[in-house]
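Structure record follows, encoded as structure tokens.
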Amino acid sequence: MTLRLHDTATREVRDFVPLEEGKAGIYVCGLTVQSEPHVGHVRSAVNFDVLRRWLTANGYDVHFIRNVTDIDDKILAKAAEQGRPWYNLAFAMHAELTTALASINVLPPTYEPGATGTVPEMIELISILIERGHAYPAADGSGDVYFDVRSWPSYGELTRQGIDDMEPATDADPRGKRDPRDFALWKGYKPSEPESAAWPSPWGKGRPGWHIECSAMASKYLGPAFDIHGGGVDLRFPHHENEQAQSRAAGLPFASYWLHNAWITTAGEKMSKSLGNSLLVPEVLKRVRGIELRFYMVSAHYRSHVEFSFEALDEAAVGFRRIENFLERAATSLGGEVPTGGMLCSEFIEAMDDDLGTPAAVAAIHDVVREGNKLLTEGGDADALRGNAASVRAMLDVLGLDPADPGWTTTGGADDEKLRGAVDVLITALLEDRATARADKDWARADAIRDRIKAAGIEIEDTPSGPKWSI
RNA sequence: GGUGGGUUGGCCGAGAGGCGAGGCAACGGACUGCAAAUCCGUGUACACGGGUUCAAAUCCCGUACCCACCUCCA
């Protein structure tokens, strides 16, 4: 069985055939760093992180490029509003994004290029488009350069739309355009904008249009043709349509597969800052741990719309703890760590190969956990338990959810460790009292101690090897 | 107007012609001093109306409602 992926261009799930055996080049449209990332943004990152991990697990040498758009209309507008330099806003939000992604164990990409660092490549690409008759400098002296959609017969093929059905592009003053659907490749400098946001070009001082950056960055870091291009559904049109048109018009074959992840919404609505701060990643992480948030996102298929709710999030967290508990109990029983490099069960592999069927993959993990719990209850077969637990750990690892992954431990500080040690001393003392009471069959006193500990938010569990506490 | 997606049990969330994915919650049983954890068991779910078929949540036709994109967007 080979990996099959849903390709937006063909609207079907088809076999993944890399351009080069054993290698995979992936380009994902990252964020415009204009504000703090919310859970919707990180869902996209998690989805493509899972794709990357699955390809890696299958022996692919993955080259993963995720860009940041660090110059655009919104960044300029917001920075002006906040009275700070645009590059400071972009830089600060980029840092926030990096922190948010690290907190849910999204692997750093092979490289994370920014638009501002790829301007010469964009200018080169625009020049080629003009030479080939697919782009033109605006006739109104604005310094804008537009892509000529009428010159490219297959324009609209990615999203199956005819040019005549499209609404006009509003990304620039239409005066200089030959067709209202033409989109800006280069935006001439306006005196109302900071000079620091302008670069020299053959068409005068200006800054890049939105779409051209991705064509330039993808071809620079992945070559003229590459395997997979990903992003959120909203990017299909115009962004990806335009990227493909301008790249191919310039003679670049571009992406073989287009993958798009669905939204995470709240109250049926797309996330936006107007919905309040509660869905910013740091806010959500006050309620659940990063690993639990990630589990919540991975439990739904990447092409399914998720209606975010704290209830569902809490429930997912409970479900994940069940898996985590099993690994802890297995480790204790095995007298050490659960080994890495376990076998992936066939249901899991099948699910993942079928367009990254993470919900079925998670179900497969639950099945193995149940088997393992049975082995723990029955005692005895340590080899079977070891294989079982290692399998669970390996499957979690593919999803970026291995609790022992160092990616998770960095989030807890030294203070947490100290606090935990202190609590352990106190709880252990109380548990000794309780043990004495139980030995005396003084159940009322034993339960009173347990209730008191529970009131502090700590659960007590009696195991064959003695009582255990957990928060 | 154009393009695409959706509606599944108390809740979340898969599946895509025939055996009830899985989780959470609930109930019963085992275990336990009682719990917790764990295991076992318990469910007449597929928006509505027709149709095709031996068989439909799944295919077809129609209806309703919801959502996304159509040049700011994960």
Side-chain angles (χ1 to χ4, degrees), chain A residues 8 11 28-32 34 37-48 69 72-75 77 149 156 159-172 180-184 209-211 230-239 241-242 260-265 268-272 295-296 299-301 303-307 309 311-323 325-326 329 347 351 354 357-367 369-370 372-374 376-378 438 441-444 446-447 450-451 454 459-463 467-468 470:
Chain A
T8 304
R11 286 193 305 183
V28 175
C29 284
L31 279 190
T32 297
Q34 47 147 337
H38 56 57
V39 289
H41 295 131
V42 297
R43 177 189 189 189
S44 181
V46 166
N47 288 153
F48 290 107
T69 298
D72 88 320
D73 294 359
K74 270 204 166 173
I75 293 173
V149 297
T159 49
R160 292 160 198 262
Q161 300 182 85
I163 293 180
D164 296 318
D165 292 325
M166 292 176 191
E167 292 174 7
T170 57
D171 61 341
R181 268 76 79 175
D182 289 352
F183 58 90
W210 176 33
H211 318 293
V233 273
D234 55 316
L235 296 178
R236 282 178 308 193
F237 192 90
H239 189 50
E241 187 71 70
N242 291 355
H260 290 102
N261 67 275
W263 295 105
I264 195 161
T265 59
E269 300 206 4
K270 206 159 116 169
M271 268 183 205
S272 72
F295 181 76
Y296 172 62
S299 301
H301 188 90
R303 283 193 288 122
S304 290
H305 164 150
V306 169
E307 170 67 21
S309 76
E311 292 71 25
L313 180 66
D314 290 344
E315 196 182 275
V318 171
F320 185 72
R321 280 178 213 139
R322 174 184 154 81
I323 298 171
N325 278 345
F326 162 67
R329 297 203 305 144
E347 289 82 2
D354 184 11
T358 52
V362 168
I365 293 175
H366 278 295
D367 286 342
V369 166
R370 190 177 311 105
N373 273 324
K374 225 180 282 185
L376 272 170
T377 309
E378 289 160 6
R438 292 181 75 203
K441 296 202 190 297
D442 183 351
W443 309 125
D447 291 349
R450 186 172 61 197
D451 290 346
K454 190 175 178 173
E459 288 290 338
I460 298 303
E461 205 183 305
D462 290 324
T463 73
K468 267 181 58 186
S470 57

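Every heavy atom of this structure was used, including side-chain atoms; hydrogens, water molecules and symmetry mates were not. Below, chains carry the letters A, B, ... as their sequence lines are ordered, and counting in each starts from 1.
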Practice task
Fill in the dot-bracket string of RNA chain B, one character per base: . for unpaired, | for a pair to another strand, ( ) or [ ] for pairs within the strand, taking Watson-Crick or G-U pairs under 3.5 Å.
Solution key: (((((((..(((.....[...))).(((((.......)))))....(((((..]....))))))))))))....
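- A donor N or O paired with an acceptor N or O is found under 3.5 Å between the base of A35(B) and the side-chain atoms of Arg450(A).
- OP1 or OP2 of A37(B) has not a single side-chain nitrogen or oxygen of Arg321(A) nearer than 4.0 Å.
- Taking every side-chain heavy atom of Ala360(A) into account, A14(B) is the closest of G22(B), U71(B), A14(B).
- In the set A74(B), G2(B), G13(B), the nucleotide with an atom closest to the side chain of His38(A) is A74(B).
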Practice task
Apply side-chain hydrogen bond (donor to acceptor under 3.5 Å, both in side chains) to the pair Asn261(A) and Ser44(A), showing each step before the final yes or no.
Solution key: CA-CA 6 Å; Asn261(A) 67 275; Ser44(A) 181; 3.0 Å; yes
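- Of the side-chain N and O atoms in Arg322(A), one or more sit less than 4.0 angstrom from OP1 or OP2 of U38(B).
- In this structure, the CG atom of Asp234(A) is 11 Å from the P atom of A68(B), given to the nearest Å.
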Practice task
List the steps and the verdict of salt bridge (charged side-chain N to carboxylate O under 4.0 Å, His left out) for Asp447(A) and Lys454(A).
Solution key: CA-CA 10 Å; Asp447(A) 291 349; Lys454(A) 190 175 178 173; over 6 Å; no
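- A donor-acceptor distance shorter than 3.5 angstrom exists from the side chain of Glu241(A) to the backbone of Gly156(A), with no hydrogens or angles considered.
- Side-chain atoms of Asp447(A) come within donor-acceptor range of the base of G33(B), with a qualifying N/O pair under 3.5 Å.
- Among the protein residues, Thr8(A) comes within range of no part of the nucleic acid, since none of its heavy atoms lies under 4.0 Å from any strand.
- Note on Lys468(A) versus Asp462(A): no salt bridge recorded, every NZ/NE/NH1/NH2 to OD/OE distance being 4.0 Å or above.
- Taking only side-chain atoms of Thr32(A), from C-beta outward, the nucleotide of U71(B), U3(B), A74(B) with the closest atom is A74(B).
- When heavy atoms are screened at a 4.0 angstrom cut-off, Leu235(A) is found touching the sugar-phosphate backbone but no base atom.
- Close to C40(B), at under 4.0 Å from its OP1 or OP2, lies a side-chain N or O of Lys374(A).
- Distances from the side chain of Asn373(A) to the nucleotides A35(B), C39(B), A74(B) place C39(B) closest.
- Contact of Arg438(A) with G33(B) (side chain to base): a donor-acceptor pair of N or O atoms is detected under 3.5 Å.
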Exercise for the section: Just do the side-chain hydrogen bond (donor to acceptor under 3.5 Å, both in side chains) check on Gln161(A) and Thr159(A) with the steps written out, would you? Expected result: CA-CA 6 Å; Gln161(A) 300 182 85; Thr159(A) 49; 2.9 Å; yes
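- Side-chain contact between Arg11(A) and Arg160(A) is present, with at least one heavy-atom pair separated by less than 4.5 Å.
- Neither OP1 nor OP2 of C11(B) sits under 4.0 Å from any side-chain N or O of Ser309(A).
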